[in-house]
K.L.:
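First the structure, which I've put down as structure tokens, then a few questions once you've had a look.
Below, read A as the first sequence line, B as the second, and so on, with proteins coming before strands; counting in each chain starts at 1.
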Protein chains: 4
Amino acid sequence: MLDTAAEVFAEQGYNATTVRKIADHAGLLAGSLYYHFDSKESMLEEILRTFLDELWGGYDTVLAAGLGPRPTLEALVTESFREIDRHRAAVAIFQKESRHLVAQDRFEFLAASQRKFETAWLSTLERGVADGVFRTDLDVRLTYRFVRDTVWVAASWYRPGGQHSPEEIARQYLSMVLDGIAVRI
Amino acid sequence: MLDTAAEVFAEQGYNATTVRKIADHAGLLAGSLYYHFDSKESMLEEILRTFLDELWGGYDTVLAAGLGPRPTLEALVTESFREIDRHRAAVAIFQKESRHLVAQDRFEFLAASQRKFETAWLSTLERGVADGVFRTDLDVRLTYRFVRDTVWVAASWYRPGGQHSPEEIARQYLSMVLDGIAVRI
Amino acid sequence: MLDTAAEVFAEQGYNATTVRKIADHAGLLAGSLYYHFDSKESMLEEILRTFLDELWGGYDTVLAAGLGPRPTLEALVTESFREIDRHRAAVAIFQKESRHLVAQDRFEFLAASQRKFETAWLSTLERGVADGVFRTDLDVRLTYRFVRDTVWVAASWYRPGGQHSPEEIARQYLSMVLDGIAVRI
Amino acid sequence: MLDTAAEVFAEQGYNATTVRKIADHAGLLAGSLYYHFDSKESMLEEILRTFLDELWGGYDTVLAAGLGPRPTLEALVTESFREIDRHRAAVAIFQKESRHLVAQDRFEFLAASQRKFETAWLSTLERGVADGVFRTDLDVRLTYRFVRDTVWVAASWYRPGGQHSPEEIARQYLSMVLDGIAVRI
DNA sequence: AATGAATGAGGCTTCATTCAT
DNA sequence: TATGAATGAAGCCTCATTCAT
């Protein structure tokens, strides 16, 4: 049922989604949702928490592995596409709604997650620059945003069961991000 | 006043923005807005139309110039960052709301624009692949999405008057997109 | 279980009491109550009927005893405080909810009871005035309301098992009602 | 409009009163009330605050006059009946709803008022007992409750414009409370 | 041009009640 | 007897919109 709600939230936006629409999708009447959930907002919260918990499960494993910066980046990107595959709707919601949600106490965990996120990526990039595997002539914060967005926006068009597996998409994305789309001269 | 509205729409989302909030920002009462506009939706429409008209002014000029694929791509990206600079709010709205707006007749022009957009970028990329300036080992639609998203998502963090000019950001993004972030061996 | 319900009705008011609260207090789920009762309203009805039946048992005995007006009044007041002691919750509900309940057919018995009540007290007072034991300079209907309210409102603060027995409270109330709180000169 | 709301609250109870009923009485649609008030609860709050403010205006004047205990009690009772005359609905609401409202922060002022109230009456009674004008053989707290309830419950039957003026009712009530209803032997 | 007041549709939520298990 | 899940009516409130002034 959370999946149903997530799907609708992702499709129409949280605010534009009425409780009735969710109930329709779930084959219930609007009021019946409240047997299972406290509120529309609590559905949203649970969807996002579940996603972030799993995401951080994956990320933490990668970060704890003590790989070099480039393999770390590759693993993080791959893990991200796997999460998009598993939680596409949640990722799309996260992208679209985070900004105004963080203002609320209840969604403070989003801000916390974003800070942790930034730390993980930035430090990986900085290590890479220090080790000479990533370019030194780029603004590292700009690079961070480039990589971060590049990966996560994919949730807006990705459809599970499409012609590319998440791993294949990750491979191509990594190839573009790391080596560029121009032919090497 | 449209700028005011655009700012609020971008900040809080179209649905979460009440007419009263816009009026507050504009220093008048909610009802008074209706002397200037037909409806909340018509504000949204005008914001998006104005942005797209100007965007296509720039794009069409680039496309009509008959440049090679790589200079075309560079010019399109640079033009895009200039639009983000000029219409940051409109771009953010476009990103967040397009998906569910296209379903309405009134916003059919968004779908038309997206199709034109896709054609412009895809053909440029395909010309580049044919000419041997862009890599042949990449799925061209994936590349298209990669480049497109990479550019536009920047509207979500870009703040006009920041430390980088739009041209500088375009230069760095192009550098990453074309040559990658990895050091060449 | 009716006692439980009465307690909650008295505490929070009938309308503000949800069936779920009653069920919680009774240690079962809301739906399960309906095995025992037809409806929330029928609980209310049974609580009030039980109370009034017992009250009239006592009152009728007193009235049938053929006492003089002053002993009758003393006996009615004492009996009333005994009822408050036994059915505090029901009395409180009766006080708070009677007014709007009487409009419904189902609670017509409340109105009937109130009429009988009025007759009993008024005639006692009038007999007392005629016999010269109650003052003649007071509006008898005002006196009736004074005595009636004075007694029953006690249910709003009375707690069974407090420091005064119902008989002791009745004694003091009677002393105040009959002789006043001022020192006689 | 607050008067309208107060009337309906008093008649049907706060919980049983729907916003629509109030609007009907005011000749508006339910939603239109919200142009004038934040919420149903804020109407209730304003009704009660207005009443208590005025009540304490009167009480404080009496208490500051430095009268003896018996004239003080007489003045307080008379003032109370005047308030009942002016704010009958508010008084009735206060009586019926105070108990469960005090639990909410927003209605903490009710508890404060009740404490002040108790202090005023109790100290007057105690002074009277000390001065020998009120009986010494009565439990003073019981007397307090007796007098307090006796006065305020009148709001449940009082109708402004009836055959007795508030002052006349006060006079009779005081006569009963001070001298009792029994004929002096 | 702007205001103040109202409208009415629709949103979220609560709750008494039902019913298969 | 009791549960868990669902129903549907109704309640409070929000908000885009209208309109007389």
K.L.:
Check every atom of E:dA16, F:dA16, F:dA2 against the side chain of C:Thr18 and return the nucleotide holding the closest atom.
P.N.:
E:dA16

K.L.:
Between F:dA2, E:dT7, E:dT13, which nucleotide has the shortest distance from any of its atoms to the side chain of D:Ser32?
P.N.:
E:dT7

K.L.:
Mind checking who E:dA1 pairs with, Watson-Crick or G-U wobble, both distances under 3.5 Å?
P.N.:
none

K.L.:
Within the 3.5 Å criterion, strictly below it, is a donor on B:Glu54 or B:His87 matched to an acceptor on the partner's side chain?
P.N.:
yes

K.L.:
Touch check for A:Thr17, heavy atoms < 4.0 angstrom, all strands: base, sugar-phosphate only, or nothing?
P.N.:
sugar-phosphate

K.L.:
Could you check B:Glu41 against C:Leu28 and say which one's nearest nucleotide on DNA chain F is further toward the 5' end?
P.N.:
C:Leu28

K.L.:
Output the single nucleotide from F:dC12, F:dT17, E:dC12 whose closest atom is nearest the side chain of B:Val19.
P.N.:
F:dT17

K.L.:
Using OP1 and OP2 only, check whether a side-chain N or O of D:Tyr34 sits under 4.0 Å from F:dT14.
P.N.:
no

K.L.:
Counting side-chain heavy atoms from C-beta on, which of E:dT3, F:dT17, E:dT17 comes nearest to C:Ala30?
P.N.:
E:dT17

K.L.:
Test C:Phe94 against C:Gln114 for side chain to side chain contact (heavy atoms under 4.5 Å, CB included), laying out the working first.
P.N.:
CA-CA 11 Å; C:Phe94 183 74; C:Gln114 272 154 352; 4.1 Å; yes

K.L.:
Select base, sugar-phosphate, or nothing to describe what D:Leu33 touches, counting heavy atoms under 4.0 Å on all strands.
P.N.:
nothing

K.L.:
Does OP1 or OP2 of E:dA2 have a side-chain N or O of B:Tyr35 closer than 4.0 Å?
P.N.:
no

K.L.:
Decide whether a cation-pi geometry holds between C:Lys21 and C:Phe9; the criteria are a distance under 6.0 Å from NZ or CZ to the six-membered ring centre and an angle within 45° of the ring axis.
P.N.:
no

K.L.:
A:His36 side chain: which of F:dC12, F:dA5, F:dA16 is closest?
P.N.:
F:dA5

